[in-house]
Amino acid sequence: VQLQASGGGLVQAGDSLRLSCAASGLTFSMYAIHWFRQAPGKEREFVAAISWSGIRTYYADSVKGRFTISRENAKNTVYLQMNSLKSEDTAVYYCAANKGPIRIGQDPDYWGQGTLVTVSS
């Protein structure tokens, strides 16, 4: 199983960025997909999650209303649209997968490599 996150970069506060998570080696439509992030010196934190069907989504309070998670099962890809970025959004962003329904608060089954997002103020 491979989960490849991409799309990170250096942006200014208030800008937008879209991250992608491309999956392979699994039946993608059977997995809920999560985004987590880890800022320098901080613990990893949950950002957003989407059910296998895309119908159910969950967000951390810190990103609610600014970030949108979506998926294209035909492309084995999940997206994280990040708008109105703030300096506190600076972190390495990771995508992860768990089989079946979304499991919040539990470690996913698979983790991908991260992509760095840096927001300058």
Side-chain angles (χ1 to χ4, degrees):
V1 174
Q2 285 194 329
L3 299 169
Q4 182 63 54
S6 63
L10 173 63
V11 297
Q12 294 187 332
D15 284 351
S16 298
L17 206 57
R18 189 177 80 159
L19 305 183
S20 298
C21 174
S24 61
L26 74 172
T27 305
F28 186 69
S29 60
M30 296 178 67
Y31 283 77
I33 305 296
H34 306 246
W35 285 99
F36 290 81
R37 68 185 180 185
Q38 187 166 19
K42 295 188 177 181
E43 292 187 352
R44 184 174 61 204
E45 65 175 357
F46 169 79
V47 175
I50 188 166
S51 64
W52 64 269
S53 65
I55 293 175
R56 299 175 67 190
T57 57
Y58 295 88
Y59 298 93
D61 288 343
S62 59
V63 306
K64 203 171 293 184
R66 299 188 298 121
F67 290 12
T68 303
I69 189 170
S70 62
R71 66 189 295 158
E72 285 190 74
N73 285 349
K75 295 184 177 181
N76 283 12
T77 302
V78 166
Y79 305 99
L80 186 68
Q81 178 67 42
M82 307 186 294
N83 298 330
S84 303
L85 283 162
K86 306 175 181 180
S87 57
E88 51 263 44
D89 295 318
T90 294
V92 177
Y93 285 71
Y94 300 89
C95 56
N98 77 261
K99 192 172 184 179
I102 293 176
R103 298 196 305 259
I104 301 296
Q106 300 181 39
D107 275 346
D109 301 322
Y110 302 104
W111 290 90
Q113 295 179 317
T115 185
L116 176 63
V117 173
T118 304
V119 184
S120 64
S121 56

Would V47 and V11 show up in the same hydrophobic cluster when neighbours are defined by side-chain heavy atoms closer than 4.5 Å? yes

Out of curiosity, does L17 fall in the hydrophobic cluster containing W35 (side-chain heavy atoms, cut-off under 4.5 Å, transitive links)? yes

Hey, is NZ on K64 packed in by over 12 heavy atoms from elsewhere, all under 6.0 Å? yes

Do M30 and I69 belong to the same hydrophobic cluster, where Ile, Leu, Val, Met, Phe, Trp and Tyr are linked whenever their side-chain heavy atoms lie under 4.5 Å apart, directly or via other members? yes

Parallel under 30°, tilted from 30 to 60°, perpendicular over 60°: which one fits the rings of F46 and F36? perpendicular

Between I33 and A97, the two heavy atoms sitting closest are CD1-CB, 3.6 Å

Scanning both residues in full, the closest heavy-atom pair of S121 with A13 reads CA-CB, 4.2 Å

Verify same cluster id: W111, Y93 (apolar side-chain graph, 4.5 Å): no

Hydrophobic cluster membership, with links at side-chain heavy-atom distances under 4.5 Å among I/L/V/M/F/W/Y: are Y94 and V117 in one? no

To the nearest 0.5 Å, tell me how far F67 CZ sits from R37 CZ. 5.5 Å

Passes side-chain contact (heavy atoms from CB on, under 4.5 Å), I102 versus H34? Steps please. CA-CA 8 Å; I102 293 176; H34 306 246; 4.1 Å; yes

Give a yes or no on this: more than 12 heavy atoms of other residues, nucleotides or ligands lie within 6.0 Å of atom CD of E45. yes

How is the hydrophobic cluster of L10 composed, in terms of its other members, when Ile, Leu, Val, Met, Phe, Trp and Tyr link through side-chain heavy atoms under 4.5 Å apart, directly or indirectly? none

Quick check: does any side chain N or O of N98 sit under 3.5 Å from a backbone N or O of P101, one acting as donor and the other as acceptor? yes

Using atom types as modelled and distance alone, determine if a side-chain donor or acceptor of T57 lies under 3.5 Å from a backbone N or O of I50. no

Interatomic distance, CH2@W52 vs CZ@F28, rounded to 0.5 Å, equals 12.5 Å

OG1-CG distance between T77 and L3, expressed to the nearest 0.5 angstrom: 10.5 Å

Got more than 12 heavy atoms from elsewhere within 6.0 Å of CZ, R56? no

Pairs under 3.5 angstrom only: tabulate donor-acceptor contacts from the side chains of residues 78-86 to other protein residues two or more places apart or in another chain.
from	atom 1	to	atom 2	distance (Å)
Y79	OH	E72	OE2	2.9
Q81	NE2	N83	OD1	2.9
N83	OD1	S16	OG	2.9

Would you compute the distance between atom CD of Q4 and atom CG of N76 and round it to the nearest 0.5 angstrom? 14.0 Å

Heavy-atom nearest pair, Y31 first then K99, reads CD2-N, 3.3 Å

Closest non-hydrogen atom pair between D89 and R66, with its separation: OD2-NH1, 2.8 Å

Under 3.5 Å: donor-acceptor pair, side chain of R71, backbone of S51: yes

Closest non-hydrogen atom pair between Y59 and T68, with its separation: OH-CA, 3.4 Å

Between P40 and T90, the two heavy atoms sitting closest are CD-O, 4.3 Å

